[in-house]
2 protein chains.
Amino acid sequence: IIEAIDLHKTYSNNNVKVHALRGINLKINEGDFVSIMGSSGSGKSTLMNIIGCLDIQSSGEFLLDGMNIQNLNEDKKALIRSKKIGFVFQSFNLLSRTTAIENVELPLLYSNSDGKLRKELSENALSLVGLSDRKDHQPTQLSGGQQQRVAIARAMVNDPSIILADEPTGNLDSKTSLEIMGIFKGLNSQGKTIVMITHERDIAEFGSEIIEMKDGRII
Amino acid sequence: IIEAIDLHKTYSNNNVKVHALRGINLKINEGDFVSIMGSSGSGKSTLMNIIGCLDIQSSGEFLLDGMNIQNLNEDKKALIRSKKIGFVFQSFNLLSRTTAIENVELPLLYSNSDGKLRKELSENALSLVGLSDRKDHQPTQLSGGQQQRVAIARAMVNDPSIILADEPTGNLDSKTSLEIMGIFKGLNSQGKTIVMITHERDIAEFGSEIIEMKDGRII
Ligand SMILES: Nc1ncnc2c1ncn2[C@@H]1O[C@H](COP(=O)(O)OP(=O)(O)OP(=O)(O)O)[C@@H](O)[C@H]1O
Ligand SMILES: Nc1ncnc2c1ncn2[C@@H]1O[C@H](COP(=O)(O)OP(=O)(O)OP(=O)(O)O)[C@@H](O)[C@H]1O
Ligand SMILES: [Mg+2]
Ligand SMILES: [Mg+2]
């Protein structure tokens with residue numbers, strides 16, 4: 001379902017080049033639960049952004065469901081993302097003057113015009129992550145771990161077939177982390193594909209395989 | 001050096017009250033290295049913000065170096081913070097159109113008018129966290145763990161006597177986390193007081209004691 005062939009990504013700022021991905025080869029099948037580990041700056045989020053159709057590689061092939069993504073225009077990509085992919089960002093990316101439930105509802109606005117159904121799906125997602133009593137709070141009125149959980153709920157609300165989670169438990173205590181892993185295992189057993197970046201090995205071990213990255217490569 | 005007596009903090013939004021701290025009693029001596037753990041939403045960051053003179057309690061006493069902070073005006077508090085406290089925020093709070101080294105330099109602008117010395121201290125702090133080669137990058141050009149390390153460098157650059165770190169390794173791989181703990185142990189052995197919130201028990205154990213919070217109380 002996800003295939004990367006010799007992916008490279010180079011950032012260029014002011015004549016300084018950062019070669020963030022140096023030839024990534026990866027095959028992830030539908031229904032896999034893959035954990036990605038590696039040191040800070042090794043290229044994990046960069047890889048995830050390409051897989052999530054949020055960024056384009058500098059060279060190499062990337063195929064999502066057999067489709068070559070880089071040739072599609074922005075609208076097509078946005079449609080694919082809203083239908084197929086749920087993304088939990090490392091820095092959450094919540095909208096600030098917007099309540100928790102409105103943030104969770106966002107992915108549904110693309111494809112779902114039934115306001116009542118959207119509200120119900122959003123409330124279910126928030127309740128799944130234990131935040132029913134915080135749905136009207138804005139991000140600055142939430143703890144770090146609560147913001148992280150709103151980001152997780154938002155990634156699940158449109159029932160995507162692929163969940164990409166970048167450090168989903170970085171701000172969560174052990175008990176809450178295990179609850180989130182329980183949710184991910186549940187989704188995986190329903191056939192969803194999960195790709196998760198984490199720096200905690202006991203969290204990584206919820207996946208069926210662990211991929212290690214170092215200096216832009218898989219080792 | 002830090003004393004809290006029956007601290008309460010209640011947030012009020014739209015008639016909904018959140019009783020975030022419910023009677024905190026705490027004594028931290030100079031040179032202590034205290035770890036704070038507890039579930040998401042238990043009040044850890046709220047307590048840290050009061051200790052760091054960034055927020056005021058709703059009731060109860062808070063003393064920093066024997067001084068009652070809540071009676072001081074904003075300028076006095078800002079001066080105390082810039083001289084005595086280094087704060088690593090859970091969400092980093094880096095300035096966005098500003099390079100790593102400029103972000104690290106910020107606390108020095110208050111008290112240090114020697115541009116050459118500021119630059120040297122900032123470069124040392126960045127090198128300590130392994131980011132010399134990223135000093136001219138802006139936050140969006142840094143990985144999550146690199147942003148976190150810039151926040152850590154900024155908290156140390158003015159040589160504060162108290163370091164307050166809210167989840168300082170939440171986005172760091174194990175090796176980098178241990179390097180940061182090595183830095184904190186080093187500062188502690190120089191006599192600095194360290195208060196650290198973390199959800200990872202092996203990180204918490206670098207402190208000399210672990211305080212557990214639950215539902216706004218210390219248990
Ligand atoms: N401005 C605010 N308005 C209303 N409620 C708030 C506000 N800020 C925080 N809260 C609530 O206060 C409680 C404590 O928040 P705090 O940020 O101290 O938790 P925490 O222990 O740091 O959690 P985490 O481990 O998730 O970072 C949470 O339940 C949160 O929803
Ligand atoms: N826009 C950018 N411009 C220049 N360099 C960048 C940019 N974005 C990322 N980088 C660099 O690319 C490298 C890989 O970044 P990436 O965010 O993928 O790392 P990561 O493995 O996710 O790290 P972490 O574990 O710290 O989150 C880093 O060294 C970073 O400094
Ligand atoms: Mg990252
Ligand atoms: Mg917090």
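Naming: A, B, ... by sequence-line order, numbering from 1 per chain. Atom set for the values below is all heavy atoms of this structure, side chains included, hydrogens, waters and symmetry mates excluded.
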Check your understanding: Within a radius of less than 6.0 Å around NZ of A:K27, do more than 12 heavy atoms belonging to other residues, nucleotides or ligands occur?
Key -> no
Review point. Under a 4.5 Å heavy-atom cut-off, does chain B meet the side chain of A:S39, its backbone, both or neither?
Key: both
Point to revise | Among B:M37, B:K175, B:E200, residue most engaged with chain A (heavy-atom pairs, under 4.5 Å) | key: B:E200
Study note, to complete from the structure: Counting heavy-atom pairs under 4.5 angstrom with chain A, the leader among B:L172, B:V18, B:D166 is B:L172
Point to revise | chain A contact via B:N13 - which portion, at a heavy-atom distance below 4.5 Å | key: side chain
**Study point:** Among B:N171, B:T169, B:D136, residue most engaged with chain A (heavy-atom pairs, under 4.5 Å)
**Key:** B:N171
Point to revise | A:K119 atom NZ: more than 12 heavy-atom contacts under 6.0 Å | key: no
Review point. In terms of heavy-atom proximity below 4.5 Å to chain B, should A:Q148 be classed as side chain, backbone, both, or neither?
Key: neither
Study note, to complete from the structure: dist B:D173:CG -> A:I197:CD1 (nearest 0.5 Å) comes out at 12.5 Å
Review point. Given that the side chain runs from C-beta out, which part of A:T46 has a heavy atom under 4.5 Å from chain B: side chain, backbone, both or neither?
Key: neither
Revision key, fill the gap. With sequence neighbours left out, the residues meeting side-chain contact (heavy atoms from CB on, under 4.5 Å) with A:Q146 are A:L131, A:R134, A:L142, A:S143, A:R149, B:S40
